[in-house]
Number of protein chains: 4
Amino acid sequence: MRKVTKIPFRRRKPTQVRAQATVEAMLDAVVRLLKRGGASAITTNRIAETGGVSIGSVYQYFPDKRAIFVALHERHIREVDRVIQRRISESIGEPLDRLVFSLIDGMIELHAADPELAVLLDSEVPHRVDGTREFSFRLHEHFRTALGPHAMSLGGNPKLNVRSFVLANMVDVFGHALVQRRPSGLSLRGARSEVCKAIMAALRC
Amino acid sequence: MRKVTKIPFRRRKPTQVRAQATVEAMLDAVVRLLKRGGASAITTNRIAETGGVSIGSVYQYFPDKRAIFVALHERHIREVDRVIQRRISESIGEPLDRLVFSLIDGMIELHAADPELAVLLDSEVPHRVDGTREFSFRLHEHFRTALGPHAMSLGGNPKLNVRSFVLANMVDVFGHALVQRRPSGLSLRGARSEVCKAIMAALRC
Amino acid sequence: MRKVTKIPFRRRKPTQVRAQATVEAMLDAVVRLLKRGGASAITTNRIAETGGVSIGSVYQYFPDKRAIFVALHERHIREVDRVIQRRISESIGEPLDRLVFSLIDGMIELHAADPELAVLLDSEVPHRVDGTREFSFRLHEHFRTALGPHAMSLGGNPKLNVRSFVLANMVDVFGHALVQRRPSGLSLRGARSEVCKAIMAALRC
Amino acid sequence: MRKVTKIPFRRRKPTQVRAQATVEAMLDAVVRLLKRGGASAITTNRIAETGGVSIGSVYQYFPDKRAIFVALHERHIREVDRVIQRRISESIGEPLDRLVFSLIDGMIELHAADPELAVLLDSEVPHRVDGTREFSFRLHEHFRTALGPHAMSLGGNPKLNVRSFVLANMVDVFGHALVQRRPSGLSLRGARSEVCKAIMAALRC
DNA sequence: CATGAATGAGTGTTCATTCAT
DNA sequence: AATGAATGAACACTCATTCAT
């Protein structure tokens with residue numbers, strides 16, 4: 001049988017400004033659909049329509065539907081990354097508890113801006129694990145670097161690797177939990193303060 | 001036909017032993033498919049085939065596809081619940097650090113049994129938020145109850161609500177992180193011990 | 001990245017009588033569409049509709065659209081095969097010119113039954129070459145066998161391989177040409193008789 | 001948009017040398033795509049890309065996709081025509097068997113140059129029948145004219161119409177068959193000589 | 001009850017064609 | 001003239017669901 005060799009097709013890379021805007025429009029459309037009707041409301045044609053582009057254009061930028069989801073997750077991850085990095089660099093020279101507070105506060109700010117989104121993003125939009133995993137490690141790096149200068153205040157045997165592991169995971173859960181799962185009877189501010197204290201204690205060992 | 005207007009229909013309650021086994025077979029089939037080909041590989045027909053039942057039988061036990069996912073998540077949650085409760089009751093009368101260790105150890109045991117599963121379950125299988133949320137609160141309750149007897153060792157002002165919030169979330173993340181995201185250069189045992197110390201510190205304030 | 005292994009899906013084999021009828025209905029639908037609007041009028045949904053089955057059923061029997069075309073060609077080939085074999089076996093014991101006449105007559109009968117079809121079949125319906133090639137060889141075999149008993153009447157040096165090659169190809173073209181491209185001023189009967197004489201001459205060397 | 005109602009539009013006639021080259025480039029691109037991936041690999045955009053022109057230019061020269069196929073077939077037919085006519089004119093004054101040999105040899109030369117192409121051209125590229133039919137008649141005319149001078153050597157009752165019908169069809173099949181379907185155990189030269197003898201016999205009646 | 005053939009709405013995706021630049 | 005980004009109608013194909021047996 002004659003081999004039916006699939007001939008690849010050029011996919012545009014969104015390097016141009018306008019192209020970037022189009023991609024953003026499409027990702028926003030996904031978010032809008034997600035909120036309106038859950039994962040099952042997301043179809044490629046609806047993404048195009050909601051995003052104000054033609055379905056053809058969608059496939060100019062993404063090879064398939066899944067790639068759109070990946071891009072959406074990546075955009076979210078990039079935002080988290082950005083916030084974390086900024087908060088870290090802003091806290092250089094400050095004492096450890098200021099850093100911890102700043103990180104938690106950054107996460108809250110991020111998730112509080114759109115509380116629904118973060119939840120939907122990882123409950124409804126399928127996301128291959130590797131991306132998340134990789135991101136997790138990158139965060140871990142950031143945190144380890146950030147903890148470096150505070151070695152003294154972490155006691156004689158800092159074990160930075162362990163400390164940053166603890167810090168990264170606590171910032172992650174509590175960043176989410178404070179916004180989404182805060183138990184009744186606790187104000188956000190109060191809970192935040194308690195969490196910061198807990199993190200400090202956990203870091204100091 | 002993809003029915004949109006739902007006509008209610010009596011669905012068999014799996015009270016019989018055999019029925020239970022059938023349901024289990026189907027849920028296991030979902031897991032198997034999930035591991036083999038990700039979320040997109042899960043179709044009702046394949047669930048039936050893989051589970052060794054007819055597609056008709058699937059609809060005898062579940063009103064629609066989503067219900068299968070819900071059941072799967074519920075089964076998983078039930079397992080976590082069971083482990084947590086057992087560990088708590090086993091630690092009654094023991095000091096707090098024994099409880100904490102037991103909880104973390106339980107979570108590790110749970111996730112280490114099938115490390116892939118837990119990840120896939122909440123990265124690929126869509127799960128309506130309410131169930132998770134509800135589960136989260138229930139866990140919180142368990143933890144608060146469990147912490148009750150340890151009020152003294154938590155200092156003069158225990159704020160049990162806050163402590164259990166901290167405990168629940170830390171057990172949750174680290175239970176996952178120790179199995180999936182443990183940084184290189186740390187043995188499971190070593191990391192576990194560090195995490196327990198961190199939790200203890202966070203609890204004591 | 002997680003391997004998204006495509007999980008195959010069971011395709012029904014049309015062994016049952018009813019299934020056979022369904023397949024026939026679908027192939028007939030293709031022919032009908034082909035005559036009505038050429039190749040571009042053939043869509044899988046139209047095949048289903050015209051054939052009186054659901055599109056889902058089409059895919060129960062064929063993995064994809066191309067497979068339908070292949071089946072159509074195979075059906076046609078099978079018919080030619082049947083006619084050729086019958087004519088050959090009917091001519092056993094008869095002189096060579098009776099065999100030649102019978103073969104040409106069979107082909108005419110076949111193509112005259114639906115003159116449009118044969119043309120459309122190989123001008124509009126894409127057909128992978130290998131099938132045709134294989135068929136061609138099989139026919140060649142039949143013809144060689146058929147010529148065996150006539151070795152004497154082919155002169156002292158029959159070279160059966162060459163003779164059957166000549167016969168097969170002449171039966172093929174003239175079978176088509178007599179129906180489709182017969183030059184003006186020639187009756188079918190007259191032309192047929194001339195062609196038979198020509199074939200006989202070509203066979204005798 | 002797939003325009004259905006055709007609005008007539010001036011199409012550039014490729015009179016210029018450069019224009020001719022562009023058209024050739026596009027037709028060559030079709031052939032290249034055809035060989036690489038069969039009929040389904042031929043898309044207008046790929047033709048443009050492979051041919052090194054813009055898709056816009058393709059539509060400057062062809063009203064639609066089908067027109068490209070027609071042009072491709074016409075180009076092929078023109079080549080066959082050219083070869084046949086040249087061989088005929090070269091054989092003027094020569095005996096009939098020289099003419100027959102020259103024709104067969106011309107066809108072999110033509111098809112052997114690109115054995116794949118001829119097959120693909122009429123197995124995969126849809127070709128409306130009329131063109132082929134018309135071409136067939138034109139060939140027939142050529143052959144009749146060519147046979148005229150050989151009336152004597154065809155016996156007392158030449159029936160040129162029938163002879164040229166026989167000749168045209170035999171040249172056609174064997175031209176293809178010798179290249180594509182020659183049975184094992186036959187050299188091209190040997191088979192060619194046998195075929196020429198067979199044609200001569202068929203012509204002489 | 002269990003089965004699995006049949007259904008067809010709806011999906012992801014392609015690709016012929018246009019037209020502003 | 002030439003370009004190629006953009007379009008969207010239409011396509012091939014899937015799969016949740018039903019229901020006659």
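Just so it is clear: chains get the letters A, B, ... in the order the sequence lines come, proteins before strands, and each one is counted from 1. Source: prediction; values computed, not measured.
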Between E/dA2 (P) and B/Met26 (CE): distance, integer Å: 11 Å
To the nearest Å, give me how far apart CD1 (A/Ile47) and P (F/dG8) are. 17 Å
Would you check if D/Asp64 and D/Thr44 make a side-chain contact, meaning some heavy-atom pair closer than 4.5 Å? no
For the pair made of CD in C/Glu49 and P in E/dA9, what is the distance, rounded to whole Å? 11 Å
Would you mind reading off the distance between C/Leu33 atom CG and F/dA10 atom P, rounded to a whole angstrom? 16 Å
Where the side chain of D/Tyr59 is defined as all heavy atoms beyond and including C-beta, which of F/dC13, F/dG8, E/dA16 is the nearest nucleotide? E/dA16
Give one of base, sugar-phosphate or nothing for D/Ile68, where a contact means two heavy atoms less than 4.0 Å apart. nothing
What contact category does A/Thr44 fall into here, base, sugar-phosphate, or nothing, at under 4.0 angstrom with non-hydrogen atoms? base
Which one is paired to E/dT17, where only Watson-Crick or G-U wobble pairs with both distances under 3.5 angstrom count? F/dA6
Please report the distance, rounded to the nearest Å, between CZ in A/Phe62 and P in E/dT11. 20 Å
Whichever of B/Val53 and A/Ile42 has the more 5' nearest nucleotide on DNA chain E, that residue is B/Val53
Contact check, side chains of A/His76 and A/Leu72, non-hydrogen atoms, under 4.5 Å: no
Could you tell me how far apart A/Arg66 (CZ) and E/dT13 (P) are, to the nearest whole angstrom? 11 Å
Between B/Arg46 and B/Ala41, is there a donor-acceptor pair closer than 3.5 Å when you use the side chain of the first and the backbone of the second? yes
Given E/dA2, F/dG4, E/dA6, identify the nucleotide with an atom nearest to the side chain of B/Ser54. E/dA2
Nearest-nucleotide 5' precedence on DNA chain F, D/Gly56 against C/Ile55: D/Gly56
Within the structure shown, what part of the strands sits under 4.0 Å from A/Asn45 by heavy-atom distance: base, sugar-phosphate, or nothing? base
Within the 4.0 Å heavy-atom criterion, would you say D/Ser57 contacts the bases, only the backbone, or no part of the nucleic acid? base
Between B/Gln60 and E/dC1, does any side-chain N or O lie under 4.0 Å from OP1 or OP2? no
Report the distance from atom CZ of B/Phe69 to atom C1' of F/dC15, rounded to the nearest whole Å. 12 Å
C/Arg66/D/Glu124 salt bridge by N-O under 4.0 Å criterion: yes
May I ask you to verify if any side-chain N or O of C/Tyr61 is less than 4.0 angstrom from the OP1 or OP2 atom of E/dA6? yes
Side-chain heavy-atom pair A/Phe62, A/Val70 within 4.5 angstrom cut-off: no
Measure from the side-chain heavy atoms of A/Thr43 and tell me the nearest of F/dA12, E/dA6, E/dG12. E/dG12
Taking for each residue the nucleotide of DNA chain F bearing the nearest heavy atom, is the 5' side occupied by C/Arg46 or by A/Gly52? A/Gly52
